[in-house]
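The structure presented is a predicted model; accordingly, all values stated were derived computationally and were not measured. These values consider heavy atoms only, across backbone and side chains, with no hydrogens, waters or symmetry-generated copies.
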Amino acid sequence: NIADPFELFIKVEAKVVEPEFPRVQYNLRLRTKDPEPIVVDVEVIGVYNYIGDKTEYDKELNQEFMEKEAIHFLFMSARQMISITTSQMGMQPVTLNIPKYDNVQIITEEKPDKE
């Protein structure tokens, strides 16, 4: 039996995929921590193109964009999907607060070297 409303504790992971400059991909995954009354496992992907004066990948700029923009935008999409899905289950929609950057596990996937 699920309390209505209930608090959902999630683990947030952000993966940075560096395919080709000027494009950068961020994968944001939200999963419930055990034990929870429902299981949530949502991953949203955002692909961004750099527009500016730089001609090669800048790790600091990428880090700043991820901290201030990408995680926020992707989290908003994931939160909306979770809210709509739980609402359609006949439950009060689950709401989640945007996580602080310090609480997000960052995984960097370096692009493979070209031979």
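In terms of heavy atoms, Ile71 sits closest to Ala14 at CD1-CB, 4.1 Å. Nearest heavy atom pair, residue Val44 against residue Ser77, reads CG1-CB, 4.4 Å.
Residues Tyr57 and Val24 have side chains in contact (heavy-atom distance under 4.5 Å, counting atoms from C-beta outward). Looking at Leu28 and Glu43, their side chains never come closer than 4.5 Å, going by heavy atoms from C-beta outward. Between Leu30 and Ile82 the shortest side-chain heavy-atom distance falls below 4.5 Å. Side-chain atoms of Glu67 and Gln63, non-hydrogen and from C-beta on, do get closer than 4.5 Å to each other.
Taking hydrophobic clusters as Ile, Leu, Val, Met, Phe, Trp and Tyr residues chained together by side-chain heavy-atom distances below 4.5 Å, Met76 does not share a cluster with Ile45. By the criterion of side-chain heavy atoms lying less than 4.5 angstrom apart, applied directly or through intervening Ile, Leu, Val, Met, Phe, Trp or Tyr residues, Leu61 is grouped together with Met66 in one hydrophobic cluster. The cluster map of Ile, Leu, Val, Met, Phe, Trp and Tyr, joined by side-chain heavy atoms under 4.5 Å apart, puts Val12 and Met81 in the same cluster. Under a hydrophobic clustering in which Ile, Leu, Val, Met, Phe, Trp and Tyr are joined whenever their side-chain heavy atoms come within less than 4.5 Å, directly or via other members, Phe73 and Val42 fall into the same cluster.
Side-chain atoms of Thr32 do not come within 3.5 Å of backbone N or O of Val39 as any donor-acceptor pair. Checking side-chain atoms of Ser83 against main-chain N and O of Arg79 turns up no donor-acceptor pair under 3.5 Å.
Partners of Asp53 under the side-chain contact (heavy atoms from CB on, under 4.5 Å) rule, at least two apart in sequence or in another chain, do not exist in this structure. Here Phe65 pairs with Tyr26, Tyr48 under the ring pair (Phe, Tyr, Trp, His ring centres under 6.0 Å) rule; sequence neighbours left out.
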Exercise. Give the intermediate values and the outcome of salt bridge (charged side-chain N to carboxylate O under 4.0 Å, His left out) for residues Lys11 and Glu13.
Key: CA-CA 7 Å; Lys11 176 181 179 182; Glu13 299 171 343; 3.5 Å; yes
Quiz item: Is there a side-chain hydrogen bond (donor to acceptor under 3.5 Å, both in side chains) between Asn27 and Gln25 once you walk through the steps?
Solution: CA-CA 7 Å; Asn27 300 4; Gln25 176 180 318; 2.8 Å; yes
Exercise. Take Arg23 and Tyr50, measure what side chain to side chain contact (heavy atoms under 4.5 Å, CB included) needs, and give me the verdict at the end.
Key: CA-CA 6 Å; Arg23 188 175 17 176; Tyr50 172 76; over 6 Å; no
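With rounding to the nearest 0.5 angstrom, the OG atom of Ser87 is 11.5 Å from the CD atom of Gln80.
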